[in-house]
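Following: one structure in structure tokens, then a few remarks.
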Amino acid sequence: MKLHSRIEIKPDIMFGKPVIANTRITVEHILRKLAGGMTPEEIVADHPHLKTEDIYAAQEFAADYLADEEVAFA
């Protein structure tokens, strides 16, 4: 998987889940907010230490993760 400078994975932060670098905000949390209908601007308003680029980085990370998944054919 390609490296993402705005995403980090450390075993001692959020149990090793991918987070926005230097935060405890998980990629999953960002994606769930987007899925719930929030815009990147609304998420940044809720978390002022984030930048819009962090939201896009979370989406890119998730897309790259899924692109690397193995597909099982039945």
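Side-chain atoms are counted along with the backbone in the values below, which use heavy atoms only and exclude waters and symmetry mates.
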Problem - Taking every non-hydrogen atom, the tightest pair across Ser5 and Ala21 - result: O-CB, 4.1 Å
Problem - Between CZ on residue Arg6 and CD1 on residue Ile20, distance to nearest 0.5 Å - result: 8.5 Å
Exercise for the section: Determine whether Val44 and Phe61 fall in the same hydrophobic cluster, where Ile, Leu, Val, Met, Phe, Trp and Tyr are linked whenever their side-chain heavy atoms lie under 4.5 Å apart. Expected result: yes
Practice task
Consider only side-chain heavy atoms of I, L, V, M, F, W and Y, link residues closer than 4.5 Å, and tell whether Ile7 and Met14 are in one cluster.
Solution key: no
Exercise for the section: Under the side chain to side chain contact (heavy atoms under 4.5 Å, CB included) rule, collect the residues that match up with Ala62, sequence neighbours excluded. Expected result: Leu31
Handout entry: Pro40 side chain reached by Asp54 side chain, heavy atoms, under 4.5 Å
Key = no
Problem - side chain to side chain donor-acceptor pair (under 3.5 Å) pairs, two or more places apart, involving residues 24-35 - result: Lys17-Glu28, Glu28-Arg32, Lys33-Asp46, Lys33-His47
Handout entry: hydrophobic_cluster_shared for Leu50 and Val27, side chain cutoff 4.5 Å
Key = yes
Completion exercise
When every non-hydrogen atom of Ile13 is compared with those of Glu8, the smallest separation belongs to CD1-OE2, 4.1 Å
Problem - Reported CD1-to-OH distance for the pair Ile30 and Tyr56, which is rounded to 0.5 angstrom - result: 12.5 Å
Problem - Residues Ile25, His49; criterion side chain to side chain contact (heavy atoms under 4.5 Å, CB included); working and verdict - result: CA-CA 11 Å; Ile25 300 173; His49 54 285; 3.4 Å; yes
Problem - Residues which pass salt bridge (Lys or Arg N to Asp or Glu O under 4.0 Å) with Lys51, listed by chain and number, not counting sequence neighbours - result: none
Fill in the blank from the handout: Taken to the nearest 0.5 Å, the spacing of Leu34 CG from Glu42 CD works out to 10.0 Å
